[in-house]
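Everything numeric here is computed off the predicted structure, so don't read it as measured data.
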Amino acid sequence: MSLDVEFARLIDAPPEEVFDAFTEPEGQQAFYGQDDLGWVVQSQCDLRVGGVWTVEFGPSPSELYRHDHVFRVIERPHRLVLASTETRLDGSSFHTQLEFTFEASGGKTLMTMTQRGFPTTELRDEHQRGVPNALARLERHILLRRTPSDARHDLAP
């Protein structure tokens, strides 16, 4: 059994726009955010190979998960590879490798996230539940960054 997670979402924006939104603090707030009242997201990013991207997030300032990502590959706007250390609320941590790809597809972007090397099925399953919401929140953020009339049109059913 593989202890990896892979999700993809077709986002209605070109790869450059999706890549840039994802690597900016506001995009990370969307990606790691929740609609829960009081949810906290803090992101600091040194976007260069060898640079560290630290994201802290959680239900309150006293209960924060921490992800420390080190950039291994940056191929704007097509690909990011990161070595990741995730620290849990109980202080335990584990290491994985993350790969994000941004593939042009008919004027849109197929954004794929692959995370490899989960130490347990429970941790893998937890991420399988959370990643689809993260990609949906990022897409909503991208659409809302556009002019208000454009965003309303794009979000209509």
Side-chain angles (χ1 to χ4, degrees), residues 2-36 38-104 108-120 122-146:
S2 174
L3 294 181
D4 301 343
V5 170
E6 181 172 300
F7 283 98
R9 184 174 185 98
L10 189 62
I11 297 176
D12 190 9
E16 295 81 4
E17 185 177 355
V18 176
F19 184 99
D20 290 345
F22 179 68
T23 57
E24 294 170 354
E26 296 83 9
Q28 281 301 290
Q29 288 177 357
F31 190 79
Y32 282 94
Q34 296 288 326
D35 293 328
D36 302 340
W39 191 263
V40 176
V41 179
Q42 301 166 355
S43 177
Q44 297 179 30
C45 180
D46 180 9
L47 186 60
R48 62 180 176 83
V49 172
V52 177
W53 190 348
T54 299
V55 183
E56 295 179 307
F57 61 99
S60 73
S62 63
E63 296 179 280
L64 295 176
Y65 296 90
R66 181 180 173 106
H67 291 186
D68 291 302
H69 308 297
V70 177
F71 290 101
R72 299 292 186 222
V73 176
I74 300 172
E75 297 172 1
R76 183 186 181 278
H78 305 291
R79 183 170 170 246
L80 292 168
V81 177
L82 306 98
S84 180
T85 301
E86 296 190 18
T87 303
R88 315 287 294 167
L89 294 178
D90 66 5
S92 64
S93 63
F94 63 95
H95 307 284
T96 62
Q97 179 176 302
L98 283 162
E99 181 175 16
F100 295 91
T101 59
F102 307 82
E103 180 183 340
K108 299 179 181 184
T109 300
L110 181 63
M111 181 178 176
T112 303
M113 183 192 119
T114 305
Q115 191 166 12
R116 296 178 179 90
F118 286 98
T120 67
E122 292 80 15
L123 286 169
R124 184 210 48 207
D125 293 351
E126 177 183 309
H127 284 69
Q128 285 180 320
R129 290 188 299 273
V131 173
N133 180 58
L135 291 172
R137 288 180 58 85
L138 178 65
E139 179 176 29
R140 184 170 64 192
H141 165 73
I142 291 167
L143 295 177
L144 291 174
R145 286 182 359 156
R146 298 175 178 171

Exercise. Could you please spell out the steps behind the side chain to side chain contact (heavy atoms under 4.5 Å, CB included) verdict for Leu80 and Thr23?
Key: CA-CA 10 Å; Leu80 292 168; Thr23 57; 3.9 Å; yes
Quiz item: Does a side-chain heavy-atom distance below 4.5 Å link Phe102 with Pro77?
Solution: no
Self-check item: Atom pair CD/CG of Gln128 and Asp4 - distance to nearest 0.5 Å
Solution: 10.0 Å
Exercise. Drop me the distance from His127's NE2 to Leu98's CG, to the nearest 0.5 angstrom.
Key: 8.0 Å
Quiz prompt | Approximate separation, where rounding is to 0.5 Å, of Thr96 OG1 and Gln115 CD | solution = 3.5 Å
Practice problem: Measure the spacing between CZ of Phe19 and CD of Glu24 and express it to the nearest 0.5 Å. | Solution: 10.5 Å
Please tabulate, for the side chains in residues 40-58, all donor-acceptor contacts under 3.5 angstrom to protein atoms that are two or more places apart in sequence or on a different chain.
unit_1: Ser43; atom_1: OG; unit_2: Trp53; atom_2: NE1; d: 3.0
unit_1: Asp46; atom_1: OD1; unit_2: Arg48; atom_2: NE; d: 3.2
unit_1: Asp46; atom_1: OD2; unit_2: Arg48; atom_2: NE; d: 2.9
unit_1: Asp46; atom_1: OD2; unit_2: Arg48; atom_2: NH2; d: 3.1
unit_1: Thr54; atom_1: OG1; unit_2: Asp68; atom_2: OD1; d: 2.9
unit_1: Glu56; atom_1: OE2; unit_2: Arg66; atom_2: NH1; d: 3.1

Quiz item: Which is it for Phe31 and Leu135 under the side chain to side chain contact (heavy atoms under 4.5 Å, CB included) test, yes or no, and what are the steps along the way?
Solution: CA-CA 6 Å; Phe31 190 79; Leu135 291 172; 3.8 Å; yes
Quiz item: Between Gln28 and His67, is any side-chain donor less than 3.5 angstrom from a side-chain acceptor?
Solution: no
Practice problem: May I ask you to test the Ile11-Glu17 pair for a side-chain heavy-atom distance under 4.5 Å? | Solution: no
Practice problem: Evaluate the side-chain proximity of Arg116 to Glu99: yes if any heavy-atom separation is below 4.5 Å, no if none is. | Solution: yes
Quiz item: Between Tyr32 and Arg137, is any pair of side-chain heavy atoms under 4.5 Å apart?
Solution: no
Practice problem: Please report the shortest heavy-atom distance between His141 and Ala21, naming the atom on each side. | Solution: CD2-CB, 4.3 Å
Exercise. Answer whether the closest heavy-atom distance between the side chains of Thr87 and Tyr65 falls below 4.5 Å.
Key: no
Self-check item: Gap between atom CG of Leu3 and atom CD of Glu122 - 0.5 Å precision
Solution: 9.5 Å
Self-check item: Atom pair CZ (Arg9) and OG1 (Thr112), whose distance is rounded to the nearest 0.5 Å
Solution: 12.5 Å
Quiz item: Where do Pro14 and Thr109 come nearest, in terms of heavy atoms and distance?
Solution: C-OG1, 3.0 Å
